[in-house]
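Values reported hereafter were calculated over all heavy atoms of this structure, with side chains retained and with hydrogens, waters and symmetry mates removed. Throughout, protein chains are lettered first and strands after them, A, B, ... in sequence-line order, and every chain is numbered starting at 1.
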2 protein chains.
Amino acid sequence: MSKSDRPTEITTPTHERVFRALRSEIMHGEITPGQAITIRGIAETYGVSMTPAREAVRRLTAEGALSLSKTGRVSAPQLSTERIEELASIRALLEPELAARAQPRAHLALIERLQNINTTIEQMIVKKDAVGYIRSNLEFHRTLYLRAQAPAMLAMVETVWLQLGPTMSALYARLQRPNAAGHHRTAIAALRAGDEPGLKLAIRADVTQGLRMLGS
Amino acid sequence: MSKSDRPTEITTPTHERVFRALRSEIMHGEITPGQAITIRGIAETYGVSMTPAREAVRRLTAEGALSLSKTGRVSAPQLSTERIEELASIRALLEPELAARAQPRAHLALIERLQNINTTIEQMIVKKDAVGYIRSNLEFHRTLYLRAQAPAMLAMVETVWLQLGPTMSALYARLQRPNAAGHHRTAIAALRAGDEPGLKLAIRADVTQGLRMLGS
DNA sequence: ATGCGGATTTTGTGATCACATTTCCGGCGA
DNA sequence: TCGCCGGAAATGTGATCACAAAATCCGCAT
């Protein structure tokens with residue numbers, strides 16, 4: 001079979017599958033800060049051998065999603081207050097830029113989709129579903145930023161989200177009423193009006209809001 | 001031996017050693033864009049087995065320092081013009097902030113060290129030593145930013161440097177006279193004068209300068 | 001009860017192997 | 001001369017094993 005050769009179905013490697021699954025769990029706050037992770041545990045959970053589990057852990061630690069103790073033990077990171085503020089600063093620097101770049105390309109269908117996602121966010125808030133809230137909140141931001149056509153910048157921001165994942169879930173758990181939906185509405189209005197400064201401000205406010213109740 | 005137990009000398013793992021060595025090579029432009037990398041080749045070069053070599057490669061790819069083809073082949077990335085501009089934008093966003101944060105903590109000894117490094121940079125320029133130029137240029141920035149006490153932000157910037165490494169060396173090779181030393185002098189002067197806006201501007205100009213001659 | 005010491009289990013690490021696929025290269029035919 | 005084909009070499013992938021260090025657990029003495 002040489003001529004009608006189909007492009008040889010590519011099977012995503014095992015370590016890639018494990019990596020994506022773990023990454024999603026961490027980013028969406030399904031892992032508690034400080035929670036111990038073992039390579040053999042991952043391997044058993046996903047029914048694979050140690051090798052791909054180890055590679056997934058390596059990639060995650062390279063992204064700062066997992067932290068290693070001096071002895072090589074793996075765990076979800078426990079972020080210090082300073083670290084959290086720093087990561088929030090990075091978000092505050094990058095995300096308004098991404099939003100501004102997305103603005104000229106944001107057509108009506110996108111804005112409607114953002115509104116739908118925002119409705120979901122509000123539902124998650126009343127349901128007090130922390131994981132669902134984080135997931136849909138990130139989906140809101142990602143949907144907007146994807147229009148920026150800036151994959152490297154988006155990847156960088158996602159890395160920050162990843163590092164904040166476990167902490168965010170623990171943080172929002174004690175959070176009575178996140179105002180994200182409000183900031184999102186402001187952002188959508190600015191998006192509609194073509195108001196770039198307003199959009200950047202709304203995104204910045206949304207990003208740094210979770211930081212404020214940190215002093216409690 | 002229970003009481004006088006020394007803290008059990010920790011030996012840095014093999015995969016860590018290989019990772020650091022490779023990372024340094026890539027960041028400093030000792031790898032050509034598109035250059036093929038093989039796991040077995042790395043293993044042989046460093047006299048280790050495939051396992052730690054693979055883990056080092058995984059971490060590097062997670063940082064964007066290496067790129068994988070669909071078939072899993074590893075190579076140094078060939079960045080598109082858009083990607084380069086994007087990475088420069090990230091630098092332009094983060095590095096002025098790092099400089100501004102470092103400013104209040106920058107004492108005289110630091111400024112002198114920066115001047116020394118800048119002298120080295122000028123020597124590298126006249127010697128047309130691309131790798132040496134990149135290395136000392138990054139050392140200049142890192143020395144300044146270390147004072148910012150913002151490890152997460154610095155790590156993020158270093159990731160960008162890493163991604164730009166191979167391209168930078170190929171780029172500066174055809175570059176007649178980098179003006180980095182000049183921008184650095186301006187930055188040092190602003191640092192001395194406590195002129196934060198001037199410092200941020202100088203850093204931004206320095207960071208985006210390499211971008212301009214990209215249209216050639 | 002409580003702290004301590006040693007045995008036991010757990011865990012990360014590195015090496016090796018087998019396998020499937022891809023890539024490379026040399027030769028053959030149009 | 002150019003293109004194609006087939007085998008050989010190279011490469012990534014996943015599994016398994018042995019080993020050392022660390023963490024845990026259990027019983028004992030105070």
Side-chain angles (χ1 to χ4, degrees), chain A residues 1-23 26 31-32 34-78, chain B residues 1-23 31 34-78:
Chain A
M1 51 164 170
S2 60
K3 215 43 170 306
S4 66
D5 224 352
R6 262 183 309 151
T8 314
E9 42 170 334
I10 50 162
T11 68
T12 56
T14 305
H15 66 84
E16 179 84 20
R17 274 181 29 236
V18 176
F19 166 74
R20 288 189 196 165
L22 269 176
R23 186 180 144 106
I26 296 171
I31 307 280
T32 305
Q35 186 174 133
I37 307 284
T38 66
I39 293 177
R40 283 180 174 84
I42 295 171
E44 191 183 359
T45 301
Y46 293 94
V48 300
S49 86
M50 289 176 55
T51 310
R54 252 201 293 187
E55 301 186 35
V57 167
R58 288 279 169 268
R59 291 173 68 177
L60 263 347
T61 56
E63 284 196 276
L66 295 175
S67 65
L68 280 78
S69 76
K70 293 149 301 191
T71 64
R73 240 63 171 204
V74 190
S75 63
Q78 306 227 38
Chain B
M1 52 161 165
S2 59
K3 214 44 168 306
S4 65
D5 224 352
R6 260 184 308 149
T8 313
E9 41 170 336
I10 50 164
T11 68
T12 57
T14 304
H15 66 84
E16 179 84 21
R17 274 182 27 237
V18 176
F19 166 74
R20 288 189 196 165
L22 270 176
R23 187 180 142 104
I31 307 280
Q35 186 173 134
I37 307 284
T38 66
I39 293 176
R40 283 179 174 84
I42 295 171
E44 191 183 359
T45 300
Y46 292 94
V48 300
S49 85
M50 290 176 54
T51 310
R54 253 200 294 187
E55 301 185 36
V57 168
R58 289 278 169 270
R59 290 173 68 177
L60 263 346
T61 54
E63 284 196 276
L66 296 175
S67 65
L68 280 79
S69 75
K70 294 150 299 190
T71 64
R73 240 64 170 205
V74 190
S75 62
Q78 306 227 37

Nucleotide [N], atom [atom2] - distance to [atom1] of [X] in whole Å:
X: E44(A); N: dT10(C); atom1: CD; atom2: P; answer: 11 Å
X: L68(B); N: dT23(C); atom1: CG; atom2: P; answer: 13 Å
X: F19(A); N: dG14(D); atom1: CZ; atom2: P; answer: 14 Å

For nucleotides 6-11 of chain D, tabulate all protein N/O to nucleotide N/O atom pairs closer than 3.5 Å, reporting atom names and distance.
residue, atom, partner, partner atom, Å
dT11(D), O4', R73(B), NH2, 3.3

Legend entry - Residues touching DNA chain C, which here means a heavy atom under 4.0 Å, drawn from residues 45-63 of chain A: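 Listed by number, they are M50(A), R54(A), R58(A).
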Legend entry - Short side-chain N/O contact to dA23(D) OP1/OP2 from T71(A), under 4.0 Å: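 Affirmative; the distance criterion is met.
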[X] side, atom [atom1]; [Y] side, atom [atom2] - distance, nearest 0.5 Å:
X: I26(A); Y: I37(A); atom1: CD1; atom2: CD1; value: 6.5 Å
X: T12(A); Y: K70(B); atom1: OG1; atom2: NZ; value: 15.5 Å
X: I42(A); Y: L60(A); atom1: CD1; atom2: CG; value: 7.5 Å

Legend entry - Any Y46(B) side-chain heavy atom under 4.5 Å of L22(B) side chain: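 Touching, per the 4.5 Å side-chain cut-off.
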Legend entry - Non-hydrogen side-chain atoms of V74(A) and R58(A) separated by less than 4.5 Å: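 A side-chain contact under 4.5 Å is absent here.
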Inset, instruction - Decide, yes or no, whether a salt bridge links R20(B) with E16(B) under the criterion of side-chain N to carboxylate O below 4.0 Å. - result: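 Salt bridge: yes.
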